[in-house]
Number of protein chains: 2
Amino acid sequence: MTHDAYTPHNHHHCIDAALNNARSLCAEQGARLTPIRQRVLELVWSSHKPVGAYDLLPTLAAEGFNSAPPTVYRALDFLLGLGLVHRISTLNAFIGCSQPNTDHASCFFICRDCGKAQELAASEVQALTAQVERALGVKVEQQTTELTGLCPACLEQH
Amino acid sequence: MTHDAYTPHNHHHCIDAALNNARSLCAEQGARLTPIRQRVLELVWSSHKPVGAYDLLPTLAAEGFNSAPPTVYRALDFLLGLGLVHRISTLNAFIGCSQPNTDHASCFFICRDCGKAQELAASEVQALTAQVERALGVKVEQQTTELTGLCPACLEQH
DNA sequence: CGTAGAATTGCAACATTATAACTCAATCCA
DNA sequence: TGGATTGAGTTATAATGTTGCAATTCTACG
Ligand SMILES: [Zn+2]
Ligand SMILES: [Zn+2]
Ligand SMILES: [Zn+2]
Ligand SMILES: [Zn+2]
């Protein structure tokens, strides 16, 4: 975790890193990072706040891309498949993955005030998987955790 | 946890227990368990599978209840507020809470094959909250975890 | 009782999120 | 080159969830 969403930083670095990750991952997997897919990834990474699919449409339209829902959802599905973005189910929104090269559960803390989300590589998340498999005799294939509350900055303002 | 969703059992006991819990909780809090609220709770508890809001409409209509979306969503909101049901965000669905008297995070394992969901009172879930608060300096107010995979029975069939 | 205030419900319209079905264009590979 | 595969354009529609307001029912209090 290089940049914390709640710590001021030059966010262009986040975007650049995300694009570089995407390019190398696509090259590696023989997947095509087409203009629209790349642009959608950039837009998702334009902040640390989860963004809705429909939020992207106006920007894409203004830039001359096709901007019908299927276009965006297809791009998002592609990015989800490669693990470059995560879906935040409680918000019906999407956010860039900050560790796209590792197989990991989707685990985020989301500030209910400023909306910024921080991905977590919590060891307890892995422990949870193991415990559930043991307790229930099941096989866990996917795991999403969404924590909501107040980030450090928003805590101070209250 | 009296009944495991993946263990055969007389499910009427689950429904009865849920209704009794609801009645006493409502009495305690001065909340009104109106016919439609009670019926929605029963229907949510009619199986161990999360149920969509719109799935309830036809049944309610057939029983003479008003069956417009707001009716169901209001009943569900009421039940959510009392902690009698949980929302499964990844499925846009609702399921009865199996421990409605305790303040707890929403944590479920959901079988992707048979659809049955089991609520979990995992200690790791609590540990996760604490770890995140420590690591990020945030205040966690809410937490939902959804694990997907195969339950014991469906594991055998594969 | 009887009535004011609050909570609940009925109802119509609408908003948001996501997908289906079919077409055509671009790219890849033999 | 030619055929297969993949990606994108287009239109329509499905699925999920909300707003606003009027009508009704319940509750509390005198
Ligand atoms: Zn950043
Ligand atoms: Zn914040
Ligand atoms: Zn049961
Ligand atoms: Zn519960």
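In what follows, chains are A, B, ... by sequence order, proteins preceding strands, each numbered from 1. Owing to the predicted nature of the structure, the values given are computational and were not obtained by experimental measurement.
Toward the 5' end of DNA chain C, the nearer of the two residues B/A31 and B/P69, judged by each one's closest nucleotide, is B/A31. With DNA chain D read from its 5' end, the first of the two nearest nucleotides for A/S67 and B/G52 is the one closest to A/S67.
When the P atom of D/dT16 is taken as reference, atom CG of B/L91 falls 10 Å away, rounded to whole Å. The CG atom of A/L76 sits 12 Å away from the P atom of D/dA8 (whole-angstrom rounding). Distance B/L57 CG to C/dG10 P: 13 Å, rounded to the nearest Å. What separates CD1 of A/I88 from P of C/dA18 is a distance of 12 Å, to the nearest Å. Look at CZ on B/F94: it is 13 Å from C1' on D/dA15, rounded to the nearest Å. To the nearest angstrom, P of C/dA7 lies 17 Å from CG of B/L33. Remark: C1' of C/dT16 and CG of A/D55 are 11 Å apart, rounded to the nearest angstrom. Rounded to whole angstrom, the span from the CZ atom of B/F65 across to the P atom of C/dT8 amounts to 16 Å.
A stacking contact between B/Y73 and D/dT18 is absent: the pair does not combine a ring-centre distance of less than 5.5 Å to the base's six-membered ring with planes differing by less than 30°.
Residue B/N92 places at least one side-chain N or O under 4.0 Å from the OP1 or OP2 atom of D/dG17. Considering only side-chain N and O atoms, B/R87 lies nowhere under 4.0 angstrom from the phosphate OP1 or OP2 of D/dT16. Proximity of A/T34 to the phosphate of D/dA8: a side-chain N or O atom is located under 4.0 Å from OP1 or OP2.
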Letter per nucleotide, 5' to 3', of nucleotides 19-30 of chain D [B base touched, S only sugar-phosphate touched, - untouched; heavy atoms, 4.0 Å]: BB-----S----

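Listed nucleotides D/dT11, C/dT8, C/dT19 differ in distance to B/R37; the shortest reach to its side chain belongs to C/dT8. Relative to the side chain of A/N66, the nucleotides D/dA8, D/dG9, C/dT9 differ in distance, and D/dG9 lies closest. Comparing C/dT17, C/dG10, D/dA8 against the side chain of A/Y54 picks out C/dT17 as the nearest.
Heavy atoms only, all atoms of each residue included: A/P69 and A/Y54 are closest at CG-OH, 3.5 Å.
Residue pairs meeting the salt bridge (charged side-chain N to carboxylate O under 4.0 Å, His left out) criterion with at least one partner in residues 126-137 of chain B, sequence neighbours excluded, are B/E133-B/K139.
With hydrogens and angles ignored, the 3.5 Å screen pairs a side-chain donor or acceptor of B/E146 with a backbone N or O of B/S89. With B/S47 contributing its side chain and B/K49 its backbone, the two residues share a donor-acceptor pair below 3.5 Å.
Contact check for A/Q142 versus B/R112: no side-chain heavy atoms found under the 4.5 Å cut-off.
Hydrophobic cluster membership is shared by B/L136 and A/V125, with clusters built from Ile, Leu, Val, Met, Phe, Trp and Tyr side chains linked at under 4.5 angstrom.
Ring geometry, B/H11 versus B/W45: the interplanar angle falls from 30° to 60°, so the pair is classed tilted.
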